[in-house]
Amino acid sequence: QVQLVESGGGLVTPGGSLRLSCTDSRFTVHAYYTIGWFRQAPGKEREGVVCISSSDDRTYYGDSVKGRFIISRDNDGKTVHLQMNSLKPEDTAVYYCALETGREGTYCLAGDHRGMDHWGKGTLVTVSP
């Protein structure tokens, strides 16, 4: 059973950086999966931030974070990191780690939360002066 655990959220001033991590605490070998981050701000729909495929490292980046956020995976595949730079107040949200099983990554690589199979509980990121 996949269990995703996020860490690294907090308060940061505009222009600052944060690094989020997501670990599968009961790692099981999924030959193919896509894993990434989604976020939800108060009163807004959940949106895709970044995703990466385990099979070929294809990535998805939401338009609002391109050039500022970077997703990476540890070599053992158990932890994925989200480096967030040049943070803006509009980046304030709860950030959720999520995993889509299978090779295609149809939903994750399109930034669509509706087809994700497993979710973490989320970590709050607040960008404020």
For this session: List the atom of Thr34, the atom of Gly105, and the distance in Å for their closest heavy-atom pair.
Result: OG1-CA, 3.2 Å
For this session: Give the intermediate values and the outcome of side chain to side chain contact (heavy atoms under 4.5 Å, CB included) for residues Ser54 and Arg73.
Result: CA-CA 9 Å; Ser54 71; Arg73 292 186 299 124; 4.2 Å; yes
Exercise. Are the side chains of Thr13 and Val127 in touch, meaning some heavy atoms are under 4.5 Å apart?
Worked result: no
Seminar exercise, completed: Minimal heavy-atom distance between Ala41 and Thr92, with the atoms involved, is CB-O, 3.6 Å
Problem set entry | More than 12 heavy atoms of other groups within 6.0 Å of Glu90 CD | yes
Exercise. Does the side chain of Ser128 pick up a donor-acceptor pair with the side chain of Thr126 at under 3.5 Å?
Worked result: no
Exercise. Salt-bridged, Arg39 to Glu47, with N to O below 4.0 Å?
Worked result: yes
Problem set entry | Residues Ser17, Met84; criterion side chain to side chain contact (heavy atoms under 4.5 Å, CB included); working and verdict | CA-CA 5 Å; Ser17 297; Met84 304 187 294; over 6 Å; no
For this session: Spell out, yes or no, whether Val94 and Leu87 are grouped together once hydrophobic residues are joined by side-chain heavy atoms under 4.5 Å, including indirect joins.
Result: no
Exercise. Quick one: are Ser53 and Thr59 in side-chain contact, heavy atoms under 4.5 Å?
Worked result: no
Exercise. Quick one: are Leu99 and Leu4 in side-chain contact, heavy atoms under 4.5 Å?
Worked result: yes
For this session: Could you state whether Leu109 and Ile70 fall into the same hydrophobic cluster, counting links through intermediate Ile, Leu, Val, Met, Phe, Trp or Tyr residues with side-chain heavy atoms under 4.5 angstrom apart?
Result: no
For this session: Check the side chains of Asp24 and His118 for a donor-acceptor pair under 3.5 angstrom, ignoring hydrogens and angles.
Result: no
Exercise. Hey, is the main chain of Cys97 close enough, under 3.5 Å, to the side chain of Glu6 for a donor-acceptor pair?
Worked result: yes
Exercise. Stepwise, does the side chain to side chain contact (heavy atoms under 4.5 Å, CB included) test hold for Trp37 with Leu20?
Worked result: CA-CA 9 Å; Trp37 296 87; Leu20 306 183; 3.7 Å; yes
Exercise. Are Phe69 and Tyr60 grouped together when hydrophobic residues (ILVMFWY) are joined by side-chain heavy atoms under 4.5 angstrom apart?
Worked result: no
Exercise. Got Tyr61 and Ile71 here, is their nearest side-chain heavy-atom distance under 4.5 Å?
Worked result: yes
Exercise. If every non-hydrogen atom of Gly10 is compared with every non-hydrogen atom of Leu18, which pair is closest and at what distance?
Worked result: O-CD1, 3.9 Å
For this session: Could you tell me if the ring centre of Trp119 sits under 6.0 Å from that of Phe38?
Result: yes
Problem set entry | Salt bridge flag under 4.0 Å for residues Arg68 and Asp91 | yes
Exercise. In this structure, are over 12 heavy atoms from other groups packed under 6.0 Å from Tyr107 atom OH?
Worked result: no
Problem set entry | Flag, side chain of Tyr95 to backbone of Leu82, donor-acceptor distance under 3.5 Å | no
For this session: Ignoring hydrogens and angles, state whether a donor on the side chain of Ser21 or His81 is under 3.5 Å from an acceptor on the partner side chain.
Result: yes
For this session: Answer whether the closest heavy-atom distance between the side chains of Tyr33 and Glu100 falls below 4.5 Å.
Result: no
